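We're numbering straight along the sequence, starting at 1. On a predicted model such as this, the values are computed, not experimentally measured, just so you know.
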Amino acid sequence: MRQDKSYRAPLSARARFFFALAVLTLLAEPAAAHHVMGGRMPATFGEGFLSGLGHPILGLDHLAAIVAVGCIAASQRRGAMLVIGFVMAMMAGTAVHVGEATIPASEILVALSVIVLGIVMLLRSLSSAMALALFALAGFFHGYALGESIAGAEPTPLYAYLAGLAIIQSGIALAAMTAGRRSAARPAFEPARLRLIGAGIVGIGLAVLAQQIVPGA
């Protein structure tokens, strides 16, 4: 009996945490673009770096996608390489935006990518090739959206911003991947936990999609 209680306690704590995260996210306004500098263009290396570090965290849709990428990568043999592929695609998307290319309905695509990532977590079945393709598309769309706050900046803050983006997203995704692999040691609890997180991520994507489709929703 004691052994069962020792396993139920951590699951319950994690379940409450992720449920609270999902609820708070759905109650919050999922903005399309979040700015660490309060909307002001970063002008120095430090401002660019801090903006790159903070931007994906302030945008819960971006944070949800990063966590989902890490959780999905946990089930893949070359998970770390898939995470790197996501980050590289994100950098490419940011570069495209900075280069003044236009992708119609990019924020809707971002929301849809979050929903798909969450659904994949619920299904828990994806080949490495499909994971790479999904990560590449999701990373590109998220990178394009994240490029909004730095487009038109001088080279120094721009490069610092890109460095910050790469560091924070790699760190969060790899941490989520590591946590997912460690939880595999408790297979009795892993499915329920992943479904809970996946459902929360789908909810975040739906909330963001509603904001884009129905202004003021």
_Going by the rule side-chain contact (heavy atoms from CB on, under 4.5 Å), which residues pair with S127 if we only count those two or more places apart in sequence or in a different chain?_
A129, M130

Could you pull out all donor-acceptor pairs under 3.5 Å where a side-chain atom in residues 108-116 meets a protein atom, sequence neighbours excluded?
residue, atom, partner, partner atom, Å
S113, OG, V110, O, 2.6
S113, OG, H142, NE2, 2.9

*Write out all pairs satisfying side-chain hydrogen bond (donor to acceptor under 3.5 Å, both in side chains) with one or both partners inside residues 156-166, taking only residues at least two apart or from two chains.*
H55-Y161, S149-Y161

Enter the distance from [X]:[atom1] to [Y]:[atom2] here, rounded to the nearest 0.5 Å.
X	Y	atom1	atom2	value
H62	L165	NE2	CG	9.5 Å
L209	I204	CG	CD1	13.5 Å
I172	I168	CD1	CD1	4.0 Å
M91	L162	CE	CG	4.5 Å
L117	L122	CG	CG	11.0 Å

*Restricting to pairs with a member in residues 117-141, which pass ring pair (Phe, Tyr, Trp, His ring centres under 6.0 Å), not counting sequence neighbours?*
none

_Pairwise ring pair (Phe, Tyr, Trp, His ring centres under 6.0 Å) hits with a residue in residues 91-134, at least two apart_ = H97-Y144

Compare every heavy atom of [Y] with every heavy atom of [X], then report the nearest pair and how far apart it is.
X	Y	answer
A145	E107	CB-OE2, 3.5 Å
L53	I57	O-CD1, 3.7 Å
A153	M41	CB-SD, 3.7 Å
I150	P42	CD1-CG, 3.9 Å

*Side chain of S51, backbone of E47: donor and acceptor closer than 3.5 Å?*
no

Using residues 66-89 as the side-chain source, report each donor-acceptor pair under 3.5 Å to any protein atom, sequence neighbours left out, with the distance given to one decimal.
residue, atom, partner, partner atom, Å
S75, OG, I72, O, 2.8
Q76, OE1, S128, OG, 2.8
Q76, NE2, L126, O, 2.8

*Would you say M121 and R195 make side-chain contact, with heavy atoms under 4.5 Å?*
no

